[in-house]
2 protein chains.
Amino acid sequence: MPVTINDLSRKLGLSRSTVSKALNDRGDVSLVTKRRVRQAAKALGYQPSAAARNLRRQRTDKIGLVLNYPFYRVSDFLAELIPGMATAAEASAYNLILYTSLAGNAQRVKSLCRSRELDGIVIAWPQALGETVALSRLLAEEEMPHIFLPRRLPRADLSYVATDHESGARMLTEHLLQLGHRRIGFVRLPEVYETDADRHAGYAKALKAAGIAYADELVLAADSSAADYGERSFTAFMRLDEPPTAILFFTDPMAIRALSHARERNIRVPQQLSIAGYDGILPSGVTVPSLTTVRQPAAHIGKLAVESLLALIADGSREARQHILPVELIARGSTALVPGLAS
Amino acid sequence: MPVTINDLSRKLGLSRSTVSKALNDRGDVSLVTKRRVRQAAKALGYQPSAAARNLRRQRTDKIGLVLNYPFYRVSDFLAELIPGMATAAEASAYNLILYTSLAGNAQRVKSLCRSRELDGIVIAWPQALGETVALSRLLAEEEMPHIFLPRRLPRADLSYVATDHESGARMLTEHLLQLGHRRIGFVRLPEVYETDADRHAGYAKALKAAGIAYADELVLAADSSAADYGERSFTAFMRLDEPPTAILFFTDPMAIRALSHARERNIRVPQQLSIAGYDGILPSGVTVPSLTTVRQPAAHIGKLAVESLLALIADGSREARQHILPVELIARGSTALVPGLAS
DNA sequence: CAACTTTACGAAATCGATTTCGATTCTGTC
DNA sequence: GACAGAATCGAAATCGATTTCGTAAAGTTG
């Protein structure tokens with residue numbers, strides 16, 4: 001049997017109240033007594049029962065992360081995000097609980113809230129805006145502080161941490177423009193979330209700023225999110241009368257597939273064609289040539305999400321917290337000067 | 001304010017005891033009453049308070065995963081392992097709590113145990129056997145069911161889930177032997193844990209079974225765990241009078257570094273030299289040539305670890321549970337017939 | 001020195017469930 | 001119709017802390 005506060009109080013000849021107050025450093029206990037209590041607590045290895053404490057204080061010092069299975073695809077992101085969140089939580093004396101089989105089931109999220117085992121929730125599952133708004137309302141009704149990840153949401157009342165995909169796409173495009181490219185292919189994703197629109201906007205704005213006309217035939221939308229659209233879009237681009245000299249792929253896996261497809265067709269990258277990806281997953285660093293891409297600071301996202309959530313908890317969820325983090329352009333070997341300009 | 005069992009009992013005109021027993025499907029409540037109670041609970045959206053329930057039942061239905069920072073290196077492994085564990089836990093109505101800043105600090109682990117917020121712990125941090133044994137004893141004293149990950153431990157009283165690195169190394173070696181290689185280099189790690197000894201044993205046994213003498217000059221021990229030992233050992237091997245025709249690297253990052261080093265020196269892989277790695281991280285699939293390696297079933301390890309731990313919890317931790325999972329040989333483009341035999 | 005304030009501590013309520021045990025009602029049997 | 005036993009239900013204890021409020025002792029003030 002573990003030692004409880006009763007054992008401590010009995011051994012010290014003090015009441016439970018005094019022991020509790022001494023350990024929690026309240027004002028109405030003398031310094032001498034505090035010292036005595038603390039020494040005894042240390043000697044007996046006393047640690048308050050989490051359950052009893054949670055029940056009485058109506059808080060658990062725990063936050064939840066609700067994950068969705070599809071996220072597995074971006075394993076690098078997850079492997080950084082999750083420990084990053086846990087570490088940030090622990091730095092503030094909180095802990096992180098993982099939920100992998102809750103996503104998409106609002107009813108079970110509601111039950112989770114009502115069991116009051118969490119002080120706040122981070123929601124990381126991709127869904128349409130309408131569902132996000134509905135979920136947020138449900139959580140608000142349950143008075144559960146919450147924050148969404150990792151997407152920018154076009155509503156002032158929703159809290160989220162996202163990355164600036166528009167500027168990411170813009171940086172990539174400008175990078176290629178500086179290398180002399182004028183015909184730049186762009187591959188979008190079919191699932192039209194904000195990320196796609198953002199990246200596309202970044203691409204379009206960079207072109208416009210450079211005074212280059214937007215060409216419809218240079219923008220393809222994948223009909224599936226599978227990596228093999230990398231090859232298919234590649235082929236489609238090459239069939240154009242005037243093919244692009246550089247291609248931006250929406251995801252690294254697509255770009256990597258395109259790389260090997262180019263190799264098979266004896267198209268040299270980057271000498272004849274520049275290729276870039278997006279996300280900065282680990283494999284992008286070891287392809288030949290290594291892939292130019294954009295990387296999200298996953299650990300930082302996690303840290304910021306946790307800190308924002310804790311702020312919401314402390315605030316009584318007064319106002320929404322929104323953060324958009326900059327992304328990092330990683331210029332590597334798969335992009336180079338446009339063929340005509342090469343020395 | 002959320003609805004409590006008192007609200008329910010008042011609304012139904014029943015005592016708290018009866019309501020509780022009805023919801024927990026005890027025998028001494030009539031079917032009619034059970035139905036009434038359940039309908040009311042559903043209608044009011046009643047969910048028992050986790051804290052109150054934990055306090056009374058002296059269990060939390062939660063397990064912990066204590067992670068160590070160095071594990072970040074093998075991000076693929078983590079990204080599969082952690083969600084795998086969480087999912088397995090949820091399948092048994094448990095949840096997973098992450099601890100990233102506890103590893104190496106036995107005192108804090110002890111405090112964690114005494115706060116009784118966990119029913120069991122999975123320890124995933126690399127350490128010397130002596131420390132593992134000491135930690136296990138500490139946990140046993142606290143009556144905390146626990147299991148170690150992901151290493152084989154040479155003690156009958158410790159519970160663990162590991163993978164069979166001996167057979168992994170053996171499979172790799174035999175794969176090369178079948179391709180006609182007779183001089184096979186092997187790069188060990190300096191931190192001498194069981195994994196290293198196991199893999200080395202697998203290598204040695206495969207050679208012996210094939211009737212090939214073990215050559216000391218073909219086995220190098222890295223003086224650091226850094227990936228750049230991939231290049232250094234590569235260079236050392238190539239300086240031998242009779243260099244190996246194939247090299248087994250202890251980790252994928254080393255092997256990948258060796259691949260690009262070979263490319264720079266115009267040594268064609270696999271035509272002139274075969275190279276293999278270990279761990280099956282994602283990047284190994286996209287190198288040119290793609291890397292022959294061995295993959296650990298991380299999600300499966302996590303699932304099995306959780307299931308074993310839950311069994312220990314149910315058992316009252318009677319006897320240690322030990323599992324050694326098979327690994328998978330992934331033969332890819334970096335290994336081929338020995339040069340002399342090539343057609 | 002009376003009146004008042006401050007200091008230090010304890011009794012008891014409370015958080016919200018589960019569980020034990022006792023009381024009552026109902027059923028069935030002879 | 002009496003009685004044993006089964007079926008239902010509730011009162012109260014319990015889990016282990018925190019917090020409110022009351023009280024006695026000590027200190028302060030004019």
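So that the names make sense, note that chain A is the first sequence line, chain B the second, and so on, each numbered from 1.
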Inset, instruction - Taking atom types as modelled, find out whether A/Gln47 and B/Ser115 have a side-chain donor-acceptor pair closer than 3.5 angstrom. - result: no

Inset, instruction - Would you indicate which nucleotide in D/dT18, C/dG10, C/dT20 comes nearest to any side-chain atom of A/Arg56? - result: D/dT18

Inset, instruction - With heavy atoms under 4.0 Å as the rule, sort B/Ser17 into base, sugar-phosphate or nothing. - result: base

Legend entry - Proximity to the side chain of A/Asp28 - top-ranked nucleotide from D/dA17, D/dC21, D/dC15: D/dC21

Inset, instruction - Between D/dT18, C/dA17, D/dC21, spot the one nearest the side chain of B/Ile5, thanks. - result: C/dA17

Inset, instruction - Send over the distance from B/Asn6 CG to C/dA17 P, rounded to a whole Å. - result: 7 Å

Inset, instruction - Select one nucleotide: of C/dC15, C/dG10, C/dA17, the one nearest the side-chain heavy atoms of B/Tyr46. - result: C/dA17

Legend entry - Nearest-nucleotide pick for B/Ser20, side chain only, options being C/dC9, D/dA11, C/dT18: C/dT18

Legend entry - B/Thr4 side-chain proximity, nearest of C/dA17, C/dA12, D/dG10: C/dA17

Legend entry - Nearest to side-chain heavy atoms of B/Gln58, which nucleotide of D/dC9, D/dC15, C/dT18: D/dC15

Inset, instruction - Identify whether any heavy atom of B/Arg16 sits under 4.0 Å from a base atom; if not, whether one sits that close to sugar-phosphate; answer base, sugar-phosphate or nothing. - result: base

Legend entry - Selected nucleotide, minimal atom distance to A/Ser30 side chain, candidates D/dT18, C/dA8, C/dT18: C/dA8

